[in-house]
Amino acid sequence: MDLVRVVAALAAIIIVLTYVVINDVPAHMGDYVNQPYEIVHKALEELGSSVVIPNIGINGGDLTRALKVMGSLSNALSIGIPNPPIGTAGGLVFMVPAQRAVVSIPLGINVQSYNKDSVTLRLINYGNCTLVISNVTGNYVVLSSRVVIPPMGIGYVVLTVTNPTALYQSYMEGNEVLTMDLTACGVSTTVMYTLGSQGNVSIPIPSVGSGIMSIGVRNNYPFEVVIYNITGEYIRLVKPVDVRPGGVASAEFYVSNYTGFYELWSGNREVINATMRLGNALVSGEFLIGRGINITPISVGGSVEVNVTNNLGTEVMMYSMQGPYIELAAPKPIPLGISVITVNVSNYYGLYRSIELGNEDIVMTLGIHGVNITVTATLGGAVGIRPRNAVLSVAVENPLNYTLFINNITGPNLHLLNSVAILPEGRALVRLLITNVTSIVNETITLDLTLMGVNLTEVFMVTSLGIEPVIMEVPIRNPLNVSMVIMNVTNEYLHLTTPVFLAPHGVGVLRIRIINIHGLSGYVNVTAEVGNTVIRLRVRL
């Protein structure tokens with residue numbers, strides 16, 4: 001016998017009582033009023049909506065099944081994140097050919113002026129690229145400011161003297177050697193110059209130019225690699241290249257500045273943007289490549305196909321999944337068994353590092369038995385997911401002609417996130433926060449309601465069969481001109497917890513304790529005082 005029928009039968013008590021009073025039925029003729037269906041129908045026609053029958057339309061069975069499923073998520077729903085697409089077990093090696101021929105740019109240097117405070121050098125740039133003098137140091141001099149000399153141009157370097165006497169002695173003996181740190185054609189180098197000497201100093205740099213360069217790519221992964229695009233400051237891939245597992249392929253690059261490229265390459269500072277397929281993962285992001293080392297990720301992300309194993313005993317709809325580094329590409333149903341979903345990864349290494357540390361928290365919205373559940377869980381490797389809490393979105397219907405207010409829903413491990421007002425014959429969405437998804441069954445849940453200005457408290461027990469009432473509060477209206485006291489309502493499976501006084505045309509609340517809802521049948525014994533008359537009835541359930 002379901003909750004709606006129990007409430008209807010309890011509410012029918014006052015209909016029967018009213019019928020007895022209106023029709024002047026002898027109070028002791030209990031057998032006469034044990035025909036409730038005819039009596040109730042006739043009384044309803046006469047009394048209209050004198051009795052309120054609350055019926056909150058929560059599908060307890062579906063909700064309970066969804067709660068039970070939640071408790072087994074960590075064991076029965078696993079998300080198999082594949083191994084990192086780039087890692088220590090493999091890699092790509094770019095075999096850049098030898099550096100181009102070295103050329104020398106002559107730099108003319110002579111002393112322009114000298115005094116106890118400063119020395120001024122006149123520099124002549126005989127090359128066709130810009131020179132940048134970033135630092136000059138000696139035993140007794142330091143550079144005042146950075147100097148830029150255009151191609152085929154002249155510049156002046158002012159050195160501050162730190163010890164005039166010692167500098168003069170060293171200068172006269174030809175021992176004041178200056179170290180000049182400079183950049184020529186984008187290449188950093190160092191030039192030595194003895195203060196006071198005349199002539200040119202040679203600046204060695206690779207040849208400056210552009211063109212096509214073939215670079216070998218070795219694939220140390222156990223799967224095929226397809227490189228779709230690579231762009232850097234001075235290089236770009238001309239066309240895609242496919243490299244078989246353990247193989248080597250030649251990739252053609254256009255190099256806009258050989259000098260600049262070799263400078264970055266030799267200093268392990270060549271940052272590239274690349275898009276490539278590594279096995280079943282399409283990755284794109286920033287990589288760092290350098291001389292003699294594998295390609296190293298900086299911020300690599302992409303899309304990857306992930307296996308999901310569903311052993312929950314029911315199909316699950318996965319609406320969304322999101323974490324610091326991972327996001328579901330599109331909603332997808334997850335049937336029983338193994339299926340495949342596509343997830344977008346913003347940073348593979350951030351994801352795997354977070355999983356390793358056990359702090360990769362994801363938020364999933366799942367549809368289970370018609371109930372939407374938003375689960376917060378920790379994403380792990382072998383164990384899949386470990387749910388910590390969840391938010392259930394449950395539709396609640398109000399079939400009454402009165403607005404129903406749901407003020408709160410509480411339990412040891414749950415509470416209501418939003419109080420709602422449900423209009424007559426309307427519906428609303430309530431959101432329940434579950435703080436412990438493994439211990440919902442056998443919990444007691446309390447609902448705080450307001451109906452017709454009366455505060456009600458309904459107590460339910462979550463069982464494996466559904467949500468069963470423990471305490472029910474039924475608002476009753478007295479349609480008579482005399483007061484009424486409901487003294488007792490009882491049978492083997494329920495009883496009234498306290499007598500209820502109803503003023504003439506007033507409203508009261510029957511607080512009924514349910515002992516066993518599944519065993520409810522037979523009759524309910526009712527004792528009531530109407531005016532000065534005590535009436536004892538039996539009402540069939």
Side-chain angles (χ1 to χ4, degrees), residues 3 54-74 77 312 316-324 327-328 331 359 361-379 385-400 402-451 454-463 466-473:
L3 179 59
N55 170 19
I56 303 174
I58 300 178
N59 190 326
D62 283 352
L63 177 58
T64 305
R65 285 192 294 271
L67 292 173
K68 290 182 63 178
V69 166
M70 276 179 43
S72 58
L73 278 178
S74 58
L77 184 66
L312 291 171
V316 175
M317 182 67 190
M318 184 177 290
Y319 293 106
S320 66
M321 177 178 65
Q322 191 166 11
E327 183 177 17
L328 183 67
N359 57 12
D361 292 339
I362 59 171
V363 179
M364 296 186 300
T365 299
L366 308 173
I368 304 175
H369 292 300
V371 177
N372 286 349
I373 302 176
T374 300
V375 180
T376 301
T378 300
L379 189 62
I385 61 173
R386 298 186 295 274
R388 296 199 312 278
N389 60 58
V391 175
L392 276 70
S393 299
V394 183
V396 179
E397 297 178 354
N398 176 17
L400 305 176
Y402 304 89
T403 298
L404 175 66
F405 297 89
I406 300 181
N407 305 316
N408 203 1
I409 301 176
T410 57
N413 291 299
L414 65 83
H415 66 266
L416 183 68
L417 292 177
N418 62 317
S419 57
V420 296
I422 312 176
L423 297 175
E425 299 183 0
R427 59 185 292 152
L429 199 67
V430 297
R431 299 174 66 242
L432 297 172
L433 174 63
I434 311 296
T435 56
N436 186 345
V437 299
T438 61
S439 63
I440 297 297
V441 176
N442 296 326
E443 280 193 358
T444 299
I445 300 175
T446 302
L447 280 75
D448 293 330
L449 314 172
T450 301
L451 183 64
V454 178
N455 292 330
L456 306 175
T457 301
E458 306 281 356
V459 181
F460 298 90
M461 175 71 74
V462 179
T463 72
I467 297 181
E468 300 180 0
V470 177
I471 298 286
M472 293 171 50
E473 292 188 345

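Quick note: numbers below take in every heavy atom, side chains included, and nothing from hydrogens, waters or symmetry partners.
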Can you give each donor-acceptor pair under 3.5 Å made by side-chain atoms of residues 423-434, sequence neighbours left out, with the distance rounded to 0.1 Å?
from, atom 1, to, atom 2, distance (Å)
Arg427, NH1, Glu397, OE2, 3.4

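The minimum heavy-atom distance linking Tyr319 with Asn372 is given by the pair CE1-OD1, 3.5 Å.
Listed by first then second residue, pairs satisfying side-chain hydrogen bond (donor to acceptor under 3.5 Å, both in side chains) with a partner in residues 414-423 number zero, not counting sequence neighbours.
Applying the side-chain contact (heavy atoms from CB on, under 4.5 Å) criterion to Asn408, with sequence neighbours excluded, gives Thr410, Leu416, Asp448. In terms of the side-chain hydrogen bond (donor to acceptor under 3.5 Å, both in side chains) criterion, residue partners of Thr365 (sequence neighbours excluded) are, by chain and number, Ser320, Thr374. The side-chain contact (heavy atoms from CB on, under 4.5 Å) check on Val459 picks up Thr444, Thr446, Thr457, Val470, Ile471, with sequence neighbours excluded.
Separating the CG atom in Asp361 from the CD atom in Gln322 is a distance of 12.5 Å, to the nearest 0.5 Å. Rounding to the nearest 0.5 angstrom, the gap separating the CE atom in Met321 from the CE atom in Met364 is 7.5 Å.
Results of the side chain to side chain contact (heavy atoms under 4.5 Å, CB included) test with Leu447 over Ile406, Leu456, Ile409 single out Ile409 as the only residue that passes.
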